[in-house]
There are 2 protein chains.
Amino acid sequence: MGSVTTPKQDRSRATRQRLLESAVTCLAEHGWTGSTVTVVAEHAGVSRGAAQHHFPTREDLFTAAVEYVAEERSAELRALDGERGTHAAVDALVGLYTGPLFRAALQLWVAASNEPQLRPRVTDLEARIGRETHRMALRLLGADETRPGVRETVQGLLDMARGLGLANLLTDDSARRARVVTQWATILDDVLR
Amino acid sequence: MGSVTTPKQDRSRATRQRLLESAVTCLAEHGWTGSTVTVVAEHAGVSRGAAQHHFPTREDLFTAAVEYVAEERSAELRALDGERGTHAAVDALVGLYTGPLFRAALQLWVAASNEPQLRPRVTDLEARIGRETHRMALRLLGADETRPGVRETVQGLLDMARGLGLANLLTDDSARRARVVTQWATILDDVLR
DNA sequence: AATCCAGCAAGCACGCTTGATTGTTTCTTC
DNA sequence: GAAGAAACAATCAAGCGTGCTTGCTGGATT
C-alpha cells in the first residue's frame, strides 16, 4: 500500500521530469518550432504516446517547460550567492547568460514575441526572474541601491550581460567576453564606490 | 533596345524589392517559421507564384532577405553620423537596437542558431556590421581606441545596447531604457576622458 | 505585324506535425 | 488471485507549407 514508495507514481514523475528536461534541451538545440513533440519524446527516450499522456497537447507541454526553465534559472541564480569581489560577481552574473538554460530562454522569448498564447506566461516569469537577478546583483556587488544612479548602473550591467549572451548564440565569444567583463568590472568598482 | 527605360524590368525590380521589404516586415512580426512564402507574398501584394518566380525556393528568398537586412542596418548606422555629445551618441547607438530592423535581425539570429544553412551567412554579415558599428561608436563618442580598455568599454556599451534591444522585444521598455542610457552616458563620460 | 519570352497566376502532390483513438502492459486494491 | 485503473505504445485522420507544373498576359525583338 502507500506506506512505502509507490513505484508507479515514481516512474510517472520520472518520465514527466525527463520530458521537461528534454523539452529544455531541444529548445536550446532545435528552437521553438524545431522542438516537436516527437523530437522531445525521442530525446527523452519515451514514446510519443507517453508524452501525450502527460501533456495532452503541445501547448501543455511547453507551458510546463516555460515554468521549468524559470525554476531552473532561479536555482542557477541562487547558486551564485557567495561570490565575492567585483570581478567575480560580474563574471558570475554574465555566466548566467551563457549556457543551455539561457539559450532555451532566448528561444522562448523570441517564440513568445510571435505566439500570442505564449507571450503572457513568458513575460510574467521573465519579470520575476529579472527582479530576482537584480537583487542578487546588488548583493554580489555590494551595491547600495539608495544611491542615485546605482539602480540604473546595475540594470545596464545586466543588460550588457544579456547582450553578451546574445552575441554568444552564434559564435563562441568567450575570449572577447572575458576582456569586456574585466574592463567593466574595474569601471563598476570605480562607479559603485 | 535598352536605350530608354525598360518598364518590364522596372516592374520586375519593384516586385522583387517589395518582396524583400515584405520579408523583413514579416520576419519582425511573425518570426522565422511564421514567415511563410505565402504570408510574405500576400503581405507584398503579389501572388505566391510571383514570389516563387523571383526566388525559386524559400531559402533563396531569405538568403536575399538576410543581405537586405544587413544593408538596411548598415544604412541606418551611417545615418547616425553627426550625432555629438556622449548622451546623444549613446542614445542613438541604443536606438539601433530598437525598431523593426533589429527585430528582424534578432529573429534571423535565433533562426540561424538552428538552421545550419542559414548560420554562416548570418554570422558573416553580423561580424561585418559589428565592426562597422564599433567604428561608428568610437567616432560618435570621440573615443581613442589606442588607449587601453577603451575598446572593451565601447564593446560593452554595444553589448548593453543589444541587451536593451532584447529586453524591448516582449515589452515596451522605453522608460527604463532612457534612464539606463543617461546613467551609462555619464559613466562613459568619466571613463573615456 | 508576327514571334518570342519573361513575369505572373492557379492548381496539384508530397511530406510533416498535430491531435485523437484504440490496444497493451503494469501496478494497485479488494 | 482477480478486477480495476493508470501508464504507455501504435495507428489514423486532418491541416498546412513547400516545391513543381501548367497556362495565360504583356512587353521586347526582328
Side-chain angles (χ1 to χ4, degrees), chain A residues 1-23 26-27 29-66 107 111 114-118, chain B residues 1-23 26-27 29-66 107 111 114-118:
Chain A
M1 52 177 65
S3 64
V4 288
T5 60
T6 52
K8 193 63 161 298
Q9 298 276 352
D10 281 359
R11 193 159 64 108
S12 180
R13 294 175 77 101
T15 46
R16 188 189 154 92
Q17 182 76 4
R18 287 236 303 277
L19 280 170
L20 288 178
E21 290 170 2
S22 174
C26 292
L27 226 42
E29 290 180 0
H30 309 299
W32 173 255
T33 47
S35 294
T36 181
V37 291
T38 307
V39 170
V40 173
E42 283 182 356
H43 183 92
V46 305
S47 80
R48 208 182 85 101
Q52 206 137 18
H53 175 79
H54 285 278
F55 306 97
T57 134
R58 188 184 122 103
E59 187 179 347
D60 293 332
L61 170 59
F62 279 98
T63 50
V66 168
Q107 304 280 349
N114 304 315
E115 314 274 330
Q117 54 211 342
L118 197 62
Chain B
M1 48 166 64
S3 64
V4 286
T5 62
T6 53
K8 193 63 162 296
Q9 300 275 352
D10 281 0
R11 193 160 63 110
S12 179
R13 293 174 78 102
T15 314
R16 188 189 155 90
Q17 182 76 4
R18 287 236 303 277
L19 279 171
L20 287 178
E21 291 171 1
S22 174
C26 292
L27 226 43
E29 291 180 358
H30 309 299
W32 173 254
T33 47
S35 295
T36 180
V37 291
T38 307
V39 169
V40 173
E42 283 182 357
H43 183 93
V46 304
S47 80
R48 208 179 81 97
Q52 209 132 21
H53 174 79
H54 285 278
F55 306 97
T57 142
R58 189 184 122 101
E59 185 177 348
D60 293 332
L61 171 58
F62 278 98
T63 50
V66 168
Q107 304 280 349
N114 305 315
E115 314 276 328
Q117 54 212 341
L118 196 62

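In the text below, chain A, chain B and the rest are named by the order of the sequence lines, each starting its count at 1. Since the structure is predicted, the reported quantities are computational estimates derived from the model, not experimental observations.
- A:V40 and A:L19 make their closest contact through CG1-O, 3.8 Å (heavy atoms, listed as atom of the first residue, atom of the second, distance).
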Every protein N/O within reach of nucleotides 11-17 of chain C N/O, cut-off under 3.5 Å:
| unit_1 | atom_1 | unit_2 | atom_2 | d |
| --- | --- | --- | --- | --- |
| C:dT17 | O3' | A:T36 | OG1 | 3.4 |

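- Between B:H54 and C:dC8 there is a side-chain N or O to OP1 or OP2 distance below 4.0 Å.
- The side chain of A:T57 contributes no N or O atom lying less than 4.0 Å from OP1 or OP2 of C:dT18.
- Pairing each heavy atom of A:R58 with each of A:S35, the nearest pair is NH1-O, 2.7 Å.
- Taking atom CD of residue B:Q17 and atom C1' of nucleotide C:dG7, one finds them 17 Å apart after rounding to whole Å.
- Of all the heavy atoms in B:Q107 and B:L27, the pair that sits closest is CG-O, 3.2 Å.
- For B:S22, there are no side chain to side chain donor-acceptor pair (under 3.5 Å) partners two or more places apart in sequence or in a different chain.
- Atom-to-atom, CZ of B:F55 to P of D:dC20 comes out at 16 Å; the value is rounded to the nearest Å.
- One can place CG of B:L61 at 13 Å from C1' of D:dT18, the figure rounded to the nearest angstrom.
- A:T15 and A:H54 form a side-chain donor-acceptor contact under 3.5 Å, judged by distance and modelled atom types alone.
- Side-chain N/O atoms of B:H53 include none lying less than 4.0 angstrom from OP1 or OP2 on C:dA9.
- What separates CZ of B:F62 from C1' of D:dG19 is a distance of 15 Å, to the nearest Å.
- Contact between the side-chain N/O atoms of A:T15 and the OP1/OP2 oxygens of D:dC8 is found at a separation under 4.0 Å.
- Whole-Å rounding puts the B:H30 NE2 to D:dC16 P distance at 16 Å.
- Taken to the nearest 0.5 Å, the CG atom of B:L118 stands 4.5 Å off from the CH2 atom of B:W32.
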